[in-house]
Amino acid sequence: MGNRLQGKVAIITGATSGIGEATARRFVAEGATVIMAGRSTERGEALAKELGERALFQAADVMREADIAALVDTAQARFGRLDCMFNNAGGNTPGALETVTEQEVDYAMKLLYGSALFGIKHAARVMVANGGGSIINNSSIAAHRLGQGAMLYSCAKAAVSHLTRLMGVQLGPQGIRVNSISPGAIATPIFWGGASTTTDEVNQKRLAKLQTNLAHATPTPRSGVADDIANAALFLASDEGSFVNCHDLVVDGGRIWQFNERPREAS
């Protein structure tokens with residue numbers, strides 16, 4: 001497509017499906033070398049082979065700090081730099097006030113908040129040495145408004161958005177910009193537990209139905225898709241976003257201002 005990320009090295013977590021996969025494809029097309037992280041080795045290796053020599057897959061569980069540190073170590077050892085860290089991995093987290101458990105709280109905070117926190121921690125140690133970089137956290141409009149996600153999910157994402165602002169202030173003087181993206185109702189396999197839970201054919205059928213449903217859930221008369229978030233991440237990772245810091249970029253077609261009910265899920 002172009003060269004907006006020419007010569008840059010990026011890490012994308014949760015890169016084997018949905019928003020992460022779309023962003024990996026876009027970053028490679030724009031000239032970046034991308035380390036794709038995820039738990040599905042089969043899907044990750046297949047995607048890396050498809051995208052070519054500037055894409056590689058490394059298995060990682062973002063609920064383990066050591067796995068996140070290993071991703072950053074790979075970038076430094078193989079390429080001598082890290083320009084962008086997209087803390088994208090996440091998932092649905094159950095937990096209602098009346099029934100919430102300690103285990104659900106631990107899971108939500110480790111998956112959604114801890115993964116971003118440790119992603120920032122380890123990306124920063126390399127970026128500081130190399131003169132700066134861009135860190136992007138995947139948040140959600142659920143961080144901003146009632147009714148866009150379950151209680152624990154919403155609270156953890158709110159923590160991610162606030163962490164973004166705090167770290168942008170702390171790391172900005174060292175040349176590191178920290179921003180977040182808050183997607184709205186984006187048609188991805190997260191609605192039914194992830195792409196690895198079903199076949200590609202079933203995923204495509206479900207996505208088509210979901211897009212039809214979500215088109216009625218925003219003032220903009222279409223569904224949000226993974227490429228919409230990939231485009232936002234591209235801007236924040238590129239030099240075009242060099243004066244954007246501590247910002248939460250809402251990408252939701254206007255949903256945050258109009259609706260207060262959850263989008264219908266595809267069945």
Side-chain angles (χ1 to χ4, degrees), residues 5 8-30 32-52 54-64 67-68 70-72 74-75 82-93 111-116 118-120 122-123 134-140 153 156-157 160 179-198 200 203-204 206-207 210 224-238 249 251:
L5 298 180
K8 295 186 183 295
V9 176
I11 294 172
I12 301 173
T13 64
T16 58
S17 68
I19 289 170
E21 177 182 346
T23 306
R25 291 181 181 278
R26 191 65 197 274
F27 278 24
V28 169
E30 292 289 344
T33 296
V34 178
I35 301 170
M36 302 179 299
R39 291 182 295 183
S40 176
T41 299
E42 182 178 357
R43 294 182 69 88
E45 290 180 348
L47 181 60
K49 182 178 180 180
E50 177 188 347
L51 294 181
R54 282 188 288 103
L56 63 98
F57 172 77
Q58 183 166 319
D61 180 350
V62 296
M63 295 181 70
R64 292 171 45 86
D67 285 12
I68 296 173
L71 292 169
V72 174
T74 295
L82 176 62
D83 300 284
C84 176
M85 180 80 178
F86 185 17
N87 295 310
N88 166 70
N92 292 320
T93 56
L111 175 63
L112 302 175
Y113 178 74
S115 62
F118 290 121
I120 295 170
H122 290 286
S134 171
I135 298 175
I136 306 166
N137 300 316
N138 199 350
S139 187
S140 170
Y153 181 87
K157 287 298 190 179
V160 170
N179 296 289
S180 57
I181 300 173
S182 281
I186 306 298
T188 73
I190 195 175
F191 277 88
W192 56 87
S196 61
T197 62
T198 56
D200 288 342
N203 283 327
Q204 289 305 313
R206 285 185 169 182
L207 279 174
L210 183 59
V225 295
D227 282 341
D228 293 317
I229 310 305
N231 289 334
L234 173 62
F235 166 70
L236 292 174
S238 74
L249 177 57
V251 183

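As a basis for the values below, the full set of heavy atoms in this structure was taken, side chains included, without hydrogen atoms, waters or symmetry mates. Computed from a prediction, not measured in an experiment: that's the story for all the values here.
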So, Glu21 and Arg25, do they make that salt bridge, N to O below 4.0 Å?
yes
Looking only at heavy atoms, which two atoms of Ala75 and Ile11 are closest? And how far apart?
CB-CD1, 4.2 Å
Tell me the closest heavy-atom pair linking Phe57 and Ser40, and the distance in Å.
CZ-O, 3.6 Å
Rounded distance [0.5 Å steps], OG1 in Thr74 versus CD1 in Ile35
5.5 Å
Quick one: closest heavy-atom pair of Met36 and Ala24, and the distance?
SD-CB, 3.7 Å
Check whether more than 12 heavy atoms from other residues, nucleotides or ligands sit under 6.0 Å from atom CZ of Arg54, and answer yes or no.
yes
Stepwise, does the side-chain contact (heavy atoms from CB on, under 4.5 Å) test hold for Leu51 with Val34?
CA-CA 10 Å; Leu51 294 181; Val34 178; over 6 Å; no
What's the spacing between Met63 CE and Ile68 CD1 if we round to 0.5 Å?
10.5 Å
Between Arg26 and Ala230, which heavy-atom pair has the shortest distance, and what is it?
CB-CB, 4.3 Å
So, taking the atom named CD1 in Ile135 and the one named CG in Asp83, what distance separates them when rounded to the nearest 0.5 Å?
11.5 Å
Hits for side chain to side chain contact (heavy atoms under 4.5 Å, CB included) against Ala233, two or more places apart or cross-chain, chain-then-number order -> Thr23, Phe27, Phe86, Ile136, Ile181
Under the side chain to side chain contact (heavy atoms under 4.5 Å, CB included) test, residues paired with Ser182 that sit two or more places apart
Ser139, Ile141, His144, Ser161, Asp248, Val250
Pick from Leu111, Asn87, Leu112: which one makes a side chain to side chain contact (heavy atoms under 4.5 Å, CB included) with Val62?
Leu111
What's the shortest heavy-atom distance between Pro183 and Ile19, and which atoms?
CG-CD1, 4.4 Å
Once rounded to the nearest 0.5 Å, what's the spacing between atom CG of Asn137 and atom CG of Leu236?
10.5 Å
What's the separation between atom CZ in Arg64 and atom CZ in Phe118, rounded to the nearest 0.5 Å?
12.0 Å
For Asp228, does its backbone N or O pair with a side-chain atom of Asn231 as donor and acceptor, under 3.5 Å?
no
Has the side chain of Lys157 got a donor or acceptor atom that lies under 3.5 Å from a matching backbone atom of Asn138?
yes
Could you check Glu30 against Lys8 for salt bridge (charged side-chain N to carboxylate O under 4.0 Å, His left out), going step by step and ending with a plain yes or no?
CA-CA 10 Å; Glu30 292 289 344; Lys8 295 186 183 295; over 6 Å; no
So, the side chain of Thr13 versus the backbone of Asn88: is there a donor-acceptor pair under 3.5 Å, distance only?
yes
CZ on Phe235 to OG on Ser134, rounded to 0.5 Å
10.0 Å
Quick one: closest heavy-atom pair of Val72 and Ala123, and the distance?
CG2-N, 3.9 Å
Which residues share a side chain to side chain contact (heavy atoms under 4.5 Å, CB included) with Arg39, sequence neighbours left out:
Asp61
Verdict with reasoning, Leu82 to His122, per side-chain contact (heavy atoms from CB on, under 4.5 Å)
CA-CA 10 Å; Leu82 176 62; His122 290 286; over 6 Å; no
